[in-house]
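Read the structure below first, then the notes.
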Number of protein chains: 4
Amino acid sequence: MSTSVNKRENILQSALAFFAERGFDATTIPMIANDAKVGAGTIYRYFENKEVLVNTLFQHYVELFTNTLVEEYPSDHSLRDQFHHLFQGMVRFTNEHEHALYFIKTHNAAYFLDETSRKQFEKLLAILRNFLDQGREEEKIRDLPSTALIAIIFGGFLELHKLIRAGEIEASEELLEGVEESCWDAVRTHK
Amino acid sequence: MSTSVNKRENILQSALAFFAERGFDATTIPMIANDAKVGAGTIYRYFENKEVLVNTLFQHYVELFTNTLVEEYPSDHSLRDQFHHLFQGMVRFTNEHEHALYFIKTHNAAYFLDETSRKQFEKLLAILRNFLDQGREEEKIRDLPSTALIAIIFGGFLELHKLIRAGEIEASEELLEGVEESCWDAVRTHK
Amino acid sequence: MSTSVNKRENILQSALAFFAERGFDATTIPMIANDAKVGAGTIYRYFENKEVLVNTLFQHYVELFTNTLVEEYPSDHSLRDQFHHLFQGMVRFTNEHEHALYFIKTHNAAYFLDETSRKQFEKLLAILRNFLDQGREEEKIRDLPSTALIAIIFGGFLELHKLIRAGEIEASEELLEGVEESCWDAVRTHK
Amino acid sequence: MSTSVNKRENILQSALAFFAERGFDATTIPMIANDAKVGAGTIYRYFENKEVLVNTLFQHYVELFTNTLVEEYPSDHSLRDQFHHLFQGMVRFTNEHEHALYFIKTHNAAYFLDETSRKQFEKLLAILRNFLDQGREEEKIRDLPSTALIAIIFGGFLELHKLIRAGEIEASEELLEGVEESCWDAVRTHK
DNA sequence: GATGAATGAGCGTTCATTCAT
DNA sequence: TATGAATGAACGCTCATTCAT
């Protein structure tokens, strides 16, 4: 039981790391099994097949990320504060789950995602969209489709994250503040 | 004669579309052959193997994109004009080559790229880096690593492009102007 | 456990028979798998690839044959007795391993043999060469290159063996004694 | 016409060299076509397929060799002289057709030979068998199956020939005389 | 429940053969 | 007649998945 939970968790962690680093298609079940220190067959006791595994992983982390963004959401603070909360959520989530956001980003349009995964991802987008739509009504956010703005924030942050992961730049406090400011300037109106 | 050119071109176009949509590893030679309406073996008359095919494609489009950015570059105009030139280059290139930029973005760090491909891609980055470094000296561009800013522009634009390709938003003149402005605001200093 | 050993052994036996009968290039993995009653993939659990399989087989039987020739070698008997020992070794080895010597003969110069295989085969030749060189010093063996004499014995015996395997002649005690005498007369001096 | 004859001849010569050096299965049609300086398709104007080509070649050279042995056969000379004639025939044939005898030897039991080829080869053996049977009646040839004796001569001579081809020993007059004597001693009775 | 040996579908690739030119 | 571009069957090999232990 406790063993089982651990095994399942080990499998998920190993799979996450490989999917993020090499992608779903370049990752083999033996690789995951080996890294998770379980038999290859054991993976199939916890996950029907490789696609179920990747969807489970995707849904889990999208939900976790969604919760991170939603928790203690400062609805009654300024729009800038709300943006800060969201951006900090990204940062914190990435710190806590090294591979998760990059995995989500590189696999969110993949051919093997099922309905549930796509819907889960939609829910995440909805939160960001709500924020932006509200801001646009107040004329504090640009009159561009929310999806486009999300793309800029998400895309920017995650390409940055990729560089940090690759060791090409260092994730200092200053850098992150600068990037947050940059993203905010990308999104807000400059009357 | 003309047939051969067409076959080679068909293979390249089919491969580009699949690589962009599913990635290199998830794309099989039979998929490409079928889509290009040639026999599987025919692909090997034009390309030594799958890796040569993907490198050929990568180098071709990185070079084409680089040329697009470099052509008629307004060196003596304002930084904003230069940015416009670069952004318009992206837009034009993407209009002319639907899958190319997305393919470049999703494969530029792939394990199967050869030296030439990597160097070719470095040349492209150098152009963008030069632009940003120059602007930073003039204190018109934020004091963030160029790679990070490139990530924001590239990432933002391409996530947007992905949405356009997916048909979720429409690529109107206004939208693109708005996104350009948004990217510019992400990158420039706001005294 | 015992199953695994058997599978490996079955694969080796099937491969040996095909390699001897049709040659390495004309033998396909599916042929071997089918004959050994294993899945094609199973072969790769035991042998890294087809070349490793053929080299394993080659080395195994060359060593076995070498040992057969060396065991209880009558160094202090007459040259004729030594020849008898070697010839009997060939006969016995061929009786115990139907296809092995023919396989060795037809593949000993093949392009796919690795260093170890070549060295192993050299060791076998060295034994025969030593015997002949010693005899030539005593002027009991013809003054022809040892390699040439080995070729005559080996070639003669194995062409004979081929006929026996093909069922065209029967391997009686008398026949073998006659052939031994014939080979000995081919090799020795007739003062 | 003359061109055609040449093309056909070129194809046969190139095929012979490759078959002798690498074997039938390791030889590709493009290899032959390239070496013969004809298009790959051209080969199929002269030979229905690869197997017909190899059978044509086999039959041609077996017949040629047979004729070499039969020509000017000294029926009324001594057995030893007849043997000399046969052995000289082998030598001469090998000098005139570098790859032919080795090709015949390495392919005479191949799975792809047709009925005609096998019969042709049988005819060649019959000549040698006749010689031996006659000698045995006179009690000048050992009482061993003719096929076995042929195997010794053929096997010995051709293993020797292989060494010469490989450059491991030189084909001097003396060597050949010595080998002939050796073969003769292998075959004759030593009352 | 956990394992990993075994499987075979399907991959990338080669090459005998065909056929439009 | 001669060609070589094109084909697809079949190769060697990998790996998701199964199942006896």
Side-chain angles (χ1 to χ4, degrees), chain A residues 1 3-4 7-8 11 24-34 37-53, chain B residues 1 3-8 11 25-34 36-53, chain C residues 1 3-8 11 25-34 36-53, chain D residues 1 3-4 7-8 11 25-34 36-53:
Chain A
M1 50 189 70
T3 312
S4 297
K7 277 194 205 297
R8 197 187 128 96
I11 292 164
F24 175 78
D25 292 296
T27 300
T28 71
I29 293 288
M31 275 178 203
I32 297 169
N34 190 59
K37 292 180 171 90
V38 299
T42 305
I43 291 176
Y44 289 84
R45 297 203 65 76
Y46 295 98
F47 306 97
E48 207 181 316
N49 56 46
K50 200 183 168 191
E51 299 214 348
V52 167
L53 170 59
Chain B
M1 50 180 77
T3 311
S4 295
V5 171
N6 284 339
K7 276 196 206 297
R8 200 188 126 95
I11 291 164
D25 289 309
T27 299
T28 71
I29 293 289
M31 276 177 200
I32 297 169
N34 193 57
K37 285 175 178 106
V38 299
T42 303
I43 291 176
Y44 292 84
R45 291 200 64 74
Y46 295 99
F47 306 97
E48 206 181 316
N49 55 47
K50 200 186 167 190
E51 299 212 351
V52 167
L53 170 58
Chain C
M1 50 181 77
T3 313
S4 294
V5 171
N6 283 340
K7 275 196 206 298
R8 198 187 126 95
I11 291 163
D25 290 309
T27 300
T28 71
I29 293 290
M31 274 177 200
I32 298 169
N34 192 58
K37 285 175 178 107
V38 299
T42 302
I43 292 176
Y44 292 86
R45 291 201 65 74
Y46 296 97
F47 306 97
E48 207 180 313
N49 55 49
K50 199 184 169 192
E51 299 211 350
V52 167
L53 170 58
Chain D
M1 50 190 68
T3 311
S4 296
K7 278 196 205 296
R8 198 186 128 97
I11 292 164
D25 292 296
T27 300
T28 70
I29 293 289
M31 274 177 203
I32 298 169
N34 189 58
K37 291 182 172 88
V38 300
T42 304
I43 291 177
Y44 289 83
R45 296 203 65 76
Y46 294 98
F47 306 97
E48 206 181 317
N49 56 46
K50 201 182 167 192
E51 299 215 348
V52 167
L53 170 58

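Here is the naming used below: chain letters follow the sequence lines, and residue numbers restart at 1 for every chain. All values reported here derive from a predicted model rather than from experimental measurement.
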Which whole-number value in Å describes the distance from [X] [atom1] to [N] [atom2]?
X: B/L53; N: E/dT13; atom1: CG; atom2: P; answer: 10 Å
X: A/R8; N: E/dG1; atom1: CZ; atom2: C1'; answer: 16 Å
X: B/N49; N: E/dC11; atom1: CG; atom2: P; answer: 17 Å
X: B/K37; N: F/dA6; atom1: NZ; atom2: P; answer: 16 Å
X: C/I43; N: E/dA9; atom1: CD1; atom2: P; answer: 16 Å
X: C/F47; N: E/dA6; atom1: CZ; atom2: C1'; answer: 15 Å
X: A/D25; N: F/dT14; atom1: CG; atom2: P; answer: 18 Å
X: C/K50; N: F/dA10; atom1: NZ; atom2: P; answer: 16 Å

Nearest 0.5 angstrom please: D/T42 OG1 to D/R45 CZ, how far?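 Nearest 0.5 Å value for the OG1-CZ distance: 8.0 Å.
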A/Y46 side, atom OH; A/I43 side, atom CD1 - distance, nearest 0.5 Å: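 Here the interatomic distance stands at 11.0 Å.
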Partners meeting side-chain contact (heavy atoms from CB on, under 4.5 Å) with B/N34 (sequence neighbours left out):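 With neighbours one apart ignored, the set is empty.
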Please list, chain by chain and in numerical order, all residues satisfying side-chain contact (heavy atoms from CB on, under 4.5 Å) with C/A40, sequence neighbours excluded.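 Scan of C/A40 (side-chain contact (heavy atoms from CB on, under 4.5 Å), adjacent residues dropped) gives C/I29, C/A33.
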Can you tell which of [options] lies closest to the side chain of [X]?
X: C/I29; options: F/dT17, F/dG12, E/dG12; answer: F/dG12
X: B/T42; options: F/dT7, E/dG4, F/dA16; answer: F/dT7
X: C/R45; options: E/dA5, F/dA16, E/dT3; answer: E/dA5
X: B/T28; options: F/dC11, F/dC13, E/dC11; answer: E/dC11
X: C/Y44; options: F/dA2, F/dG12, E/dT17; answer: F/dG12

Restricting to non-hydrogen atoms, name the atom on [X] and the atom on [Y] that form the minimum distance, rounded to 0.1 Å.
X: D/Y44; Y: D/N49; result: CE2-CA, 3.8 Å
X: C/T27; Y: C/K50; result: O-NZ, 2.8 Å
X: B/L53; Y: B/I11; result: CD1-CG2, 4.2 Å

Can you tell me if C/Y46 touches the phosphate of E/dA6, counting only side-chain N or O atoms and a distance under 4.0 Å to OP1 or OP2?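 True: C/Y46 side-chain N/O within range (under 4.0 Å) of E/dA6 OP1/OP2.
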Return the 5'-most residue of the pair D/E48, C/V38 with respect to DNA chain E, ranking by each residue's nearest nucleotide.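 On the 5' side of the pair lies C/V38.
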Represent DNA chain E in dot-bracket notation, 5' to 3'. Only Watson-Crick or G-U wobble pairs with both distances under 3.5 Å count; pseudoknot-style crossings use [ ] and interstrand partners use |. .||||||||||||||||||||
Residue whose closest nucleotide on DNA chain F lies nearer the 5' end, B/G39 versus C/G41: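 With B/G39 and C/G41 compared, the 5'-side residue is B/G39.
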